[in-house]
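This report concerns only the one structure given below.
Counting starts at 1 for both ligands and their atoms, in listed order. In this chain, numbering begins with 1 at the start of the sequence shown.
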Amino acid sequence: MPVIDALSFAAVEDGKLLGSIQAWPARVHDVNGSDSIILVGPVAVTPELQGRGIGKMLMTRLLETADAGAADAMVMIGDPDYYGRFFGFHADATSGWDVAGPVERHRLLARIRRPGGIRAFGQLGPDPSFATGGVAA
Ligand SMILES: CC(C)(COP(=O)(O)OP(=O)(O)OC[C@H]1O[C@@H](n2cnc3c(N)ncnc32)[C@H](O)[C@@H]1OP(=O)(O)O)[C@@H](O)C(=O)NCCC(=O)NCCS
């Protein structure tokens, strides 16, 4: 899948990469149709610079940009403490979704902006319509 350029950022200082975050077009679908969802990650900060707010800055920039657009939902795999405490992601919202391959369910986190904005049950996977003008962002 192509990355969502508008929601992918790099933290750079003096030409040096400090950290980055990426977003990808995904969907939750069932026999009746599908809902777009943004897959967030990886987010990473260079080890010696962790704990200085760069990760928060990258995620905040992504969330603010996404919230200004049409995106209703985001999903990621990550530490529920970090992403729940600071950014409103939680595993409850993903409990009805099937995923391909093994995943630690308590680390499969979603942030749903509008209640009912995405179906509660279905298969999570890539959104093939994005490459041809889909609406993930
Ligand atoms: C997770 C990561 C992106 C956070 O970025 P960061 O720049 O270090 O974090 P920030 O400085 O913005 O935030 C620091 C705060 O988050 C907390 N925090 C950081 N990582 C945490 C974790 N895994 N679990 C819980 N809290 C965490 C810190 O305790 C700190 O809290 P405080 O502000 O109350 O002191 C970074 O540590 C990292 O690159 N880790 C390795 C890659 C990774 O695990 N990525 C996530 C999955 S894709």
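- For D79, the salt bridge (Lys or Arg N to Asp or Glu O under 4.0 Å) criterion is met by no residue, not counting sequence neighbours.
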Solution key, residues 38-64 side-chain donor-acceptor pairs under 3.5 Å, sequence neighbours excluded:
from	atom 1	to	atom 2	distance (Å)
Q50	NE2	V45	O	2.9
T60	OG1	K56	O	2.7

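- Under the 3.5 Å distance criterion, the side-chain polar atoms of R27 are left unmatched by any main-chain donor or acceptor of G125.
- Within the 3.5 Å criterion, the main-chain N or O of A71 finds a donor-acceptor partner in the side chain of R113.
- No close placement of the Y82 and F89 rings is indicated, their centers lying 6.0 Å or farther apart.
- Closer than 4.0 angstrom to ligand 1 by heavy atom are P42, V43, A44, V45, Q50, G51, R52, G53, I54, G55, K56, D79, D81, Y82, Y83, R85, F86, sorted by chain and number.
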Indicate every side-chain donor-acceptor pair of residues 92-105 with a distance under 3.5 Å to a residue at least two apart or in another chain.
from	atom 1	to	atom 2	distance (Å)
T94	OG1	A91	O	3.1
T94	OG1	L108	O	2.7
S95	OG	D92	O	3.0
W97	NE1	R119	O	3.0
W97	NE1	A120	O	3.3
E104	OE1	R107	NE	3.4
R105	NH1	W97	O	3.0
R105	NH2	T94	O	2.7
R105	NH2	W97	O	2.8

